[in-house]
Amino acid sequence: MHDLKLVREQPDALREAMRRRGALDALAPQLDRLASLEQERRALIQQVEEQKAARNAGSAEVARRKKGGENADDLIAQGRALGESIAALEARATAADDALRAILIELPNVTLPDVPEGGEDANVVVREWGTPRRADGVQPHWDVGARLGLFDLERGVKVSGSGFVVYRGQGARLVRALLNWCLDVHAAEHGYEEVWPPAVVTRATMTGTGQLPKFEDDAYAIRDDDLFLIPTAEVPVTNLYRDEVLDAAQLPMAFAAYTPCFRREAGSAGKDTRGIQRVHQFDKVELVRYSTPEDSAAQLELLTGHAETLLQRLGLPYRVKLLAAGDTGFSSAKTYDLEVYAPGVDKWLEVSSCSVFTDFQARRANIRYRPAPKDKPRFVHTLNGSGLALPRIVAALLEHYQQADGSVALPPVLHPYAGTDALRPAAAAP
RNA sequence: GGACAGGUGGCCGAGUGGUUGAAGGCACCGGUCUCGAAAACCGGCAUACCGGCAACGGUAUCGUGAGUUCGAAUCUCACCCUGUCCGCCA
């Protein structure tokens, strides 16, 4: 959500930001409307407040006269007339305000200056790590998974429908191992507080981080209770401090949270869905940071580095992509995607997305901090990034570490967590 | 799910239709006093929006939303939340 002041004082900046996202054509009518609604709203508010002031003065006079035993019928009649006029004006002001907010809440964030303009084609690979394994002769992960009995796609469909996976045996253990290892590294080495939040949240919470109202179709909803299954731990964790004022000394704050993530993936049917590349429920450890505005750019680099550390320790070759404005998410001001190379499917798989949201989410969720004891509260900057998102990490491990004998070696960091140094064919699952 | 009680400023707490944005206390800030501190005393101490260069003026806010009224923290309705008891339960 943007500041109304930006709408009024720098309409060109807002327009330029939308142009850089390639969204100006689509949003130009709304931007024009925004300007006129803003003026209308202000004019109406002035009239309403003027009349309310008159009514308040009249009411005070009624009180004074009644105390003195005088008649006040004329003033009461006058007040009644004012009341009707106020109600009419107020209805118009509310309508203008609602229309204004409806547009404002669906405008994406302004990207930072160093974000390239344009769409997906303008994304920039800023660095690469490791040497991708040659794709020749590498089995895709779904074949490996089936052969080793790591997951059961058919029965996932039976139980929950298309897009749901059952991990089994060593596969289930691997998922648990990865999650525990990720959390341990972030909590013990990177200074994150571990949190275990609810996976079901209210409409207000979903709105705070920007999932609603625009993307309601993407979320699983529990309609009887107006609750939603979270698409990422970002949602409950960023909303932890909604409507609060933090002390400057508390910043930056850093949280690491594991949750299952639920996404309807409406509109992406058939797109990279083979195997476990895109599923409706997956597991992810999410990093969330709150910082001062001055510090947030540096915090994004720090956060991205924390996610990269994990990929390096897993020995998975990856690249870091700075997303162009048009490919940057609705709430984000700047995003790095981390992609690991999966030789079995011969693709770069997105396993982490690290973003700074500037004050966009903080404004929606009303998360502020006080720079110094006497200062006025300011909005914090929020950030988050995956560290890491699982199914694709599992896929990349199965493909990158495939051995000639049909087994899959595991990187040393996982041995104590997985209870083994490799995944080997076991007795076939029934 | 049922019954009762309750939600007032950073905290506690008064207030059942008319100078109540809201008594009083605590906390906090400034000052007097003091060598210094404590105590005591004096003063200050919410947020958002609108207008204004500013001084300042106005409007709104007593869980949330709607309603009654010239006027609502106070009355009505709905909803949310908290506590206690009962029921159910991993």
Side-chain angles (χ1 to χ4, degrees), chain A residues 1-10 34-105 196-208 212-213 221-228 236 239-250 259-260 359 362-380:
Chain A
M1 177 111 99
H2 300 288
D3 191 353
L4 256 187
K5 284 200 184 78
L6 185 71
V7 173
R8 197 198 316 174
E9 292 163 13
Q10 301 177 55
L34 214 49
S36 64
L37 281 169
E38 200 281 326
Q39 283 191 332
E40 185 187 345
R41 185 189 85 105
R42 214 147 25 104
L44 286 165
I45 285 176
Q46 280 170 38
Q47 289 183 61
V48 166
E49 293 189 349
E50 204 174 295
Q51 296 198 3
K52 279 189 175 175
R55 183 186 64 184
N56 287 348
S59 290
E61 179 61 13
V62 171
R64 201 194 58 76
R65 282 200 204 167
K66 291 212 161 175
K67 222 172 206 171
E70 299 171 46
N71 182 290
D73 289 350
D74 57 328
L75 285 175
I76 288 173
Q78 197 181 69
R80 190 176 292 130
L82 269 174
E84 282 163 16
S85 166
I86 288 168
L89 283 169
E90 224 165 25
R92 288 173 56 198
T94 304
D97 197 60
D98 288 350
L100 191 66
R101 277 170 205 292
I103 292 173
L104 216 50
I105 207 159
W196 220 128
V200 176
V201 297
T202 61
R203 180 173 290 275
T205 297
M206 286 286 275
T207 305
L212 297 184
I222 302 165
R223 306 227 181 268
D224 282 352
D225 298 295
D226 203 30
L227 295 171
F228 298 85
N239 276 277
L240 240 33
Y241 291 90
R242 174 151 48 89
D243 292 321
E244 294 195 34
V245 179
L246 307 165
D247 290 332
Q250 292 176 267
T259 66
D359 64 359
R363 193 179 296 283
R364 287 179 163 235
N366 191 29
I367 308 166
R368 296 174 297 169
Y369 78 104
R370 210 180 289 280
K374 282 285 184 182
D375 290 352
K376 287 185 67 163
R378 301 170 68 197
F379 289 111
V380 302

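Letters go in sequence order (proteins before strands), and every chain restarts at 1. Fair warning: this is a prediction, and the values are worked out from it, not measured in the lab.
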Peer 1: By nearest atom, which of the nucleotides C70(B), G51(B), U59(B) is closest to the N56(A) side chain?
Peer 2: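 Side chain of N56(A) sits closest to U59(B).
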Peer 1: Looking at D247(A) and A249(A), would you say the former's side chain and the latter's main chain have a donor-acceptor pair under 3.5 Å?
Peer 2: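 Here the side-chain-to-backbone pair does not exist.
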Peer 1: From G51(B), G71(B), U59(B), pick the nucleotide closest to the side chain of R55(A)?
Peer 2: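 Taking heavy atoms from C-beta onward, the closest nucleotide is G71(B).
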Peer 1: Would you call R65(A)-E61(A) a salt bridge at under 4.0 Å N-O?
Peer 2: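 Answer for the salt bridge query: yes.
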Peer 1: In whole angstroms, how far is the C1' atom of A46(B) from the NZ atom of K376(A)?
Peer 2: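 Computing the K376(A):NZ to A46(B):C1' distance gives 11 Å.
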Peer 1: Base of G51(B), side chain of Q46(A) - is there a donor-acceptor contact under 3.5 Å?
Peer 2: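 Not at all, since no donor on one side and acceptor on the other fall under 3.5 Å apart.
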Peer 1: Check the phosphate of C50(B) against R42(A), side-chain N and O only, distance under 4.0 Å to OP1 or OP2. Yes or no?
Peer 2: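 So the side-chain polar atoms of R42(A) never come under 4.0 Å of the phosphate oxygens OP1 or OP2 of C50(B).
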Peer 1: Contacts to RNA chain B from residues 64-74 of chain A, heavy-atom cutoff under 4.0 Å, which residues?
Peer 2: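 Contacting residues: K66(A).
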Peer 1: Could you state the atom-to-atom distance from CG of N366(A) to C1' of U47(B) in whole Å?
Peer 2: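 It is 10 Å, rounded to the nearest whole Å.
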Peer 1: Could you tell me how far apart L82(A) (CG) and U69(B) (P) are, to the nearest whole angstrom?
Peer 2: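 These atoms are roughly 15 Å apart.
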Peer 1: Rounded to the nearest 0.5 Å, what's the gap from CZ on R378(A) to CG on L246(A)? Could you check?
Peer 2: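 Answer for the CZ-CG pair, R378(A) versus L246(A), is 13.5 Å.
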Peer 1: Around atom CZ of R203(A), are there more than 12 heavy atoms from other residues, nucleotides or ligands closer than 6.0 Å?
Peer 2: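 Buried by this count: over 12 neighbours within 6.0 Å.
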Peer 1: Between G51(B) atom C1' and L4(A) atom CG, what is the distance in whole Å?
Peer 2: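 Checked: the CG to C1' distance equals 16 Å.
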Peer 1: Rounded to whole Å, how long is the line connecting atom CD of E84(A) with atom C1' of U69(B)?
Peer 2: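 One finds 13 Å between C1' of U69(B) and CD of E84(A), rounded.
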Peer 1: To the nearest angstrom, how far is E49(A) atom CD from U61(B) atom P?
Peer 2: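 Computing the E49(A):CD to U61(B):P distance gives 11 Å.
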Peer 1: In whole angstroms, how far is the P atom of C50(B) from the NZ atom of K52(A)?
Peer 2: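 Taking atom P of C50(B) as the reference, NZ of K52(A) is at 15 Å.
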Peer 1: Please report the closest heavy-atom contact between Q51(A) and L89(A), naming both atoms and the distance.
Peer 2: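 What the structure gives for the nearest pair is NE2-CD1, 3.6 Å.
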Peer 1: In whole angstroms, how far is the P atom of C70(B) from the CD1 atom of I86(A)?
Peer 2: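 Going from CD1 in I86(A) over to P in C70(B) covers 12 Å.
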Peer 1: Would you give the length of the straight line joining atom NE2 of H2(A) to atom CZ of R364(A), rounded to the nearest 0.5 angstrom?
Peer 2: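 Atom-to-atom, H2(A):NE2 and R364(A):CZ are 8.5 Å apart.
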